[in-house]
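What follows is one structure encoded as structure tokens, with my remarks underneath.
Atoms considered below: every heavy atom in the structure, side chains included; atoms not considered: hydrogens, waters and symmetry mates. Counting starts at 1 for both ligands and their atoms, following the listed order.
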Amino acid sequence: MPKGILDLNLNLIRPMRVTILGSGTNIHPTRAASGYLVRTDHTILLDFGPRTLANLMKTGVNRHRITHILFSHYHADHFSDFITYFFDAMIFTKYQGGTRPPLTVIGPRGTKKFFQALFTTLPGFTHAPFVVHFKEVADRAFMIGNTKVIPRTVTHTQNLHCLGYRIEYGGKALAYSGDSQYCDSLVRLCGDVDLAVLDCSFPASRPSPVHLHAGQCGQVAREAGVGRLVLSHLYPITERYNVREQAGEAFGGKIVVARDLLTIKL
Ligand SMILES: [Zn+2]
Ligand SMILES: [Zn+2]
């Protein structure tokens, strides 16, 4: 390829963009549950909780172009819209003349068993007319095109393998905690990222044993040296507290309280 064309292509690389599809939890009056749209050279979803599919439609992104869905774990608030999404994709490709690229579903240990049980139980799911791959990952980096994905085991609830994800593209890095307690692994996942989206389920004064609280989000951001901190996965009770202020006691950088459909460019 002549050098001029290569230069032109490099200039056309668009920055990574993250759109918050859901910043709440299972039941929340104004926020969808966990879900994030990440646009790099691929269109990727991180988690797919209830009501996030409706928000995905509002972004204008063609849902049939999504090639990879990365799950942190399978608590319903991170997963349940996948069922609706997949059923729709089957109707689209089977009866509406639609085509779509292969879909790769990636998640923690147990992913294959989980989807095997689900697909053999839900009518029609084993007969999708498009290719579906299931991939279990642990603490090893892999590539999706030019996008580097680094999964990392974090501590959430007992006996459940939960992953956070670090995504690197175009010289920028994003970290997503999934659901996590404070742990060294999470700090390492977030090391020097430009943007960290953390599980801020509860305020510092109402902590939970299995989630971070706002003060711990600030602590992780400071220890990891993150650029910008996004507080997300807010439970309804958390709305009554100033989580930005609580996180700001530990972290002096920029803090954003997540809201659905907010897009951040990296
Ligand atoms: Zn969870
Ligand atoms: Zn959760």
Take the Zn ion (ligand 2) as the vertex and measure to NE2 of His233 and NE2 of His78; round to 10°.
100°
So, Cys162 and the Zn ion (ligand 1): N/O/S under 2.8 Å, yes or no?
no
Does the shortest distance from the Zn ion (ligand 1) to an N/O/S atom of His211 fall below 2.8 Å?
no
Please test Phe115 against Tyr74 for ring pair (Phe, Tyr, Trp, His ring centres under 6.0 Å), starting from the C-alpha separation and ending with a verdict.
CA-CA 10 Å; Phe115 280 98; Tyr74 298 108; 5.6 Å; yes
Nearest N/O/S atom of Asp77 with respect to the Zn ion (ligand 2), by atom name, please.
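Nearest to the Zn ion (ligand 2) within Asp77's N, O and S set: OD2.
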Compute the ring centroids of Phe48 and Phe86, then answer whether they are less than 6.0 Å apart.
no
Taking the six-membered ring for Trp, are Phe92 and Tyr85 closer than 6.0 Å centroid to centroid?
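No - the distance between ring centres of Phe92 and Tyr85 does not fall below the 6.0 Å cut-off.
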Could you tell me which N, O or S atom of [X] is nearest to the Zn ion (ligand 1)?
X: Asp179; answer: OD2
X: His75; answer: ND1
X: His156; answer: NE2
X: His73; answer: NE2

Looking at Lys58 and Asp260, does any basic side-chain N land under 4.0 Å from a carboxylate oxygen?
no
Nearest-0.5 Å distance, NE2 of residue His68 to NE2 of residue His42:
5.5 Å
Residue pair Phe119, Phe134: steps toward the side-chain contact (heavy atoms from CB on, under 4.5 Å) verdict:
CA-CA 12 Å; Phe119 273 50; Phe134 298 102; 3.8 Å; yes
